[in-house]
Structure formats: C-alpha cells, structure tokens
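For ligands, and for the atoms within them, numbers begin at 1 and follow the listed sequence. As the structure is a prediction and not an experimental result, all values here were calculated from the model.
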Amino acid sequence: MEGVKHNRFGPVIFSKYERGSAIERALAMSREDILFELKNSGLKGRGGAGFPTSTKWMLTAAAISDKKYLICNADEGEPGTFKDRVLLIEYPELVFDAMVVGGYTIGATEGIVYLRGEYEYLLDSLNDYLNGMRKDNLLGENILGKKGFNFDIRIFLGEGSYVCGEETALIESLEGHRGEARNRPPYPVNTGFMGKPTCVNNVETLATISHIIVKGSEWYKNFGTSKSKGTKLFSISGDCEKPGVYELEWGMKISDVLKLVGAKDTKAVQIGGASGVCLNSSQFDRTLAYEDVPTGGSIIIFNKKRSMLKVLKNFMEFFVEESCGQCTPCRIGNVKLLEAVKMIEENKLTFGYLKKLKELAETMKIASKCGLGQSSPNPFLSIIENFKEEIFNYAGGGEYAKE
Ligand SMILES: Cc1cc2nc3c(=O)[nH]c(=O)nc-3n(C[C@H](O)[C@H](O)[C@H](O)COP(=O)(O)O)c2cc1C
C-alpha cells in the first residue's frame, strides 16, 4: 500500500501531503484552535447528510465521559459510490492521521474504522499500514511525545448491509446487534458506541481535515462557493468515456462535469447515488453545491439508450432488499413504490393511484425512522416527474397518459 503512486489531480484532497504532518501540526495546537480551524473552514460531513463537522467534534469534545470513540464510516454502501475506497487504498495517511487529530481534539482514546464487508480485501494492507504508524509512534501511547495522549485504531469488518452505513445502525452493528437505526435523541455525540460519546465521520471528511489542519482554513476557503466551501470527491460512473473518482470544486455545473468525463447523448444524471435525485437535460445547468444540488458524491450517467423505468425498478428493488424492516413507512412504502413500477410496465397504473403513491412517497420522507426510508422515495419522485413522457409511454401509455 505504501508503494501506491499518487497520480491523481485535485487542489485539496489530492494535493501534496506528508504522512504524519497533520498529527504533528495538531499536537502543537490547542483543541480550541483546531475546532476554530474546522469551523472557519465551513467543512460539512461528506457522508451525505452535510452536517457541520466542527459542530460534531465540538459536541463530542464537550461531552463528559471516561471513554470516547471516533469512528470512521467506511461502509460506502450507496450504489454508485467508490471514492472512499480510493482514499483508503491510495491515501490512507490522510484518513488515519485525521482520526488521530480527532482523537486528540475530542478526547477519544480509540478509533474504529467500520469497513464495508465487500472491502475485506483491503483489511491486511490497512492493518499493515496501522502497524507502520504504531512503529513510528503515530499511534499508541504518548503519540509523538505528547505526554498522556494515547490513541489507537482498529478495523471492524461489516457484513454488507446498506443500512449499516447509517451511523446509529453502524453503532448497533459494531456492538454485535442487528443493524437497525436507533431513536434520536440521544445522539451518538453523547450516547454512541457502548453508550459513550462517539463521533462518526465519513472517510472523505477525515481526509479533508488532514489538509485543513496542515494548510489552514483560510487556504481551504479559497475553493468552492460562498455557501459550499472547498472541494468534493465525485464517483462518476455510467455512460461516459472517463468514469472514475474526480476532485472538483463545489459549484461546478452538471453540464461541465459531463463534458469533463466525456459523456455523450446524456439523457439523465442520477446525483447522490440510488437515494439521490435524477435530473433530465433541462436541469444540466444546475450546480453541484449545498445551495443547489447537494450530494454525497455519486454521479451516475445514463445515455439515451437507457430505459428510465428500468433504472427506477433497479433502484427500488435495491431499497426493498435493503430496508431493515424496522419501521413501517420504509418496509411497506418501498414495496408499494416497486409495485407501482411493475404496474407501469404492465400499463396498469392509474392517475388516481399515482397521486396516492406520490403522497406516500412524501410521507415516507418525513415518517421513516432513518435516512434510508427518508431518501429512498427520491429516485421514484424525480424519475416519475422528470421523465414522465418516457415512463408513461413505456407500455403504450396508461390511464395516466389519458388524463
Ligand atoms: C442508509 C444510509 C446509509 C449511509 N451510508 C453511509 C456510508 O456508507 N458512509 C458514510 O460516511 N455515511 C453514510 N451515511 C451517513 C451517516 O449516517 C452519517 O451521517 C455519516 O457517516 C456522518 O459522517 P460525516 O458527518 O463525516 O458525513 C448513511 C446514511 C444512511 C441513512
């Protein structure tokens, strides 16, 4: 893993970084100064929810407890997302250094990486990497000579369940329970893993923090828009010549992204993975930013040969399969939305029933217990709306087409 060549291009995450430098820099700073840097950077969580990172660290730092944890969420289960894997393989120093910085800042002694089950093949090399850090006193006791600062990292392998990427289901799974979301409050920052204050951060959030600590929040704020600071990693796949992981500044137009990756005859772009929204060509001048189209970083491109009904069916089958079944809106709602897709295929969906399904989808967004059921209606609502002519001509036009 140490031998991997870093030949990617990007102004922040893929910029030059020396292993251990964020730890060294952070240990020379006060915790308050680190929290200030994070706040000033405007960094928001890259796992999808976009929660301000400084607030999460501040709340965990403020929680009083004999033991605290910092968890790196490397579950990466969202279909179309593969950026975190690239960071773990090619830039482990960015992720692990930031975990140590986090441990110092919030007062945690243990870091846990929750690694997606399908990434088991990374386990040995990541453990080797951690051993190297231990040897160089970047992990362990009195890190880099800082008396009393003890922190170590272990890796826990998930079992391939999508919902276990949701932070409270992840914690349940870590504790050896069924992966189901917890009621909130209390939030993990106060009552997390083993009932102790726990900060859960996405891999990319952590990787970004290492650069912010070394190069400063003012430097970081040079990138992005006024409301979306910095850069973002995008996993870009589908119908394009150059799929891959790209680091782009927030604020880029979707049409420019399509040009960059050599996408031709694009009909649809799914932003944010299966649980995101699907846009049509009239919306390609919109920008990727928290203030316009926010995203955890997955972009799936569909050209004119694709059937959007089949795309939608594929997404809804995924959600039916992955719903943990704990709450009714998600367990039943996803099944009903998938049934609707099949009804369209058979030309049996009426306009009246579609109206009810849209209401159901809106209800799922607010009544589901966790983000899975709150976001799974997104592709249904956006594909039905943005591709209505294609969808309802699928089977020669149904009742809907007659209204
Ligand atoms: C169904 C579901 C799956 C999720 N999967 C992931 C994931 O694989 N990785 C991730 O970082 N966050 C995932 N999240 C978001 C986490 O709950 C949490 O917001 C995130 O790990 C916090 O880190 P951040 O603040 O750095 O973004 C998921 C959320 C939901 C609802």
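- For ligand 1, the atoms lying closer than 4.0 Å to a non-hydrogen atom of Thr205 are 24 (P), 26 (O), 27 (O).
- Using a 4.0 Å cut-off between charged side-chain N and carboxylate O, Lys196 and Glu110 make no salt bridge.
- Near Arg46, meaning under 4.0 Å from any of its heavy atoms, are these atoms of ligand 1: 26 (O), 27 (O).
- Because its NZ or CZ atom is not both nearer than 6.0 Å to the ring centre of Phe302 and within 45° of the ring axis, Arg306 does not count as a cation-pi partner of that residue.
- Under the ring-ring contact (aromatic ring centres under 6.0 Å, His included) rule, Tyr91 has a single partner from Tyr129, Tyr17, Phe96, Phe14, which is Phe14.
- Ranking the protein heavy atoms by distance from atom 27 (O) of ligand 1 puts Gly47 N, 2.7 Å first.
- More than 12 heavy atoms of other residues, nucleotides or ligands lie within 6.0 Å of CD in Gln283, so this atom counts as buried by the packing criterion.
- Among the atoms of Asp75, none of the N or O lies under 3.5 angstrom from an N or O of ligand 1.
- Taking a 4.0 Å cut-off on heavy atoms, Glu76 registers as neighbouring ligand 1.
- Per-residue contacts place Val200 under 4.0 angstrom from the following atoms of ligand 1 (heavy atoms of the residue considered): 21 (O), 22 (C), 23 (O).
- Both tests pass for Lys44 against the ring of Tyr290: distance under 6.0 Å to the centre and angle within 45° of the axis.
- The environment of Asp285 atom CG is dense: over 12 non-hydrogen atoms of other residues, nucleotides or ligands sit within 6.0 angstrom.
- Considering only non-hydrogen protein atoms, atom 20 (C) of ligand 1 sits nearest to Asn73 ND2, 4.1 Å.
- In summary, Glu175 and Arg182 engage in a salt bridge, as defined by a charged side-chain N under 4.0 Å from a carboxylate O.
- Nearest non-hydrogen protein atom to atom 22 (C) of ligand 1 is Lys56 NZ, 3.2 Å.
- In this structure, Lys356 does not pair ionically with Glu359, as no charged nitrogen and carboxylate oxygen lie closer than 4.0 Å.
- Here Glu76 does not pair with Arg85 in a salt bridge; the nearest charged N to carboxylate O distance is not below 4.0 Å.
- The Gly77 neighbourhood of ligand 1 comprises atoms 8 (O), with distances under 4.0 Å to a heavy atom of that residue.
- The protein atom (non-hydrogen) at minimum distance from atom 18 (C) of ligand 1 is Glu167 OE1, 3.7 Å.
- Using a 4.0 Å cutoff on heavy atoms, Cys370 does not count as a contact of ligand 1.
- Atom 30 (C) of ligand 1 has Glu166 CB, 3.7 Å as its closest protein atom, hydrogens excluded (heavy atom only).
- With hydrogens left out, the protein atom closest to atom 31 (C) of ligand 1 is Gly371 CA, 3.3 Å, a heavy atom.
- With hydrogens left out, the protein atom closest to atom 11 (O) of ligand 1 is Asn202 ND2, 2.8 Å, a heavy atom.
- Of the protein's non-hydrogen atoms, Gly165 O, 3.5 Å is the one closest to atom 16 (C) of ligand 1.
- Aromatic rings of Tyr246 and Phe234 (six-membered ring for Trp) have centroids beyond the 6.0 Å cut-off, not under it.
- Nearest-residue assignment for atom 1 (C) of ligand 1 (options Tyr114, Phe319, Tyr162; heavy-atom criterion): Tyr162.
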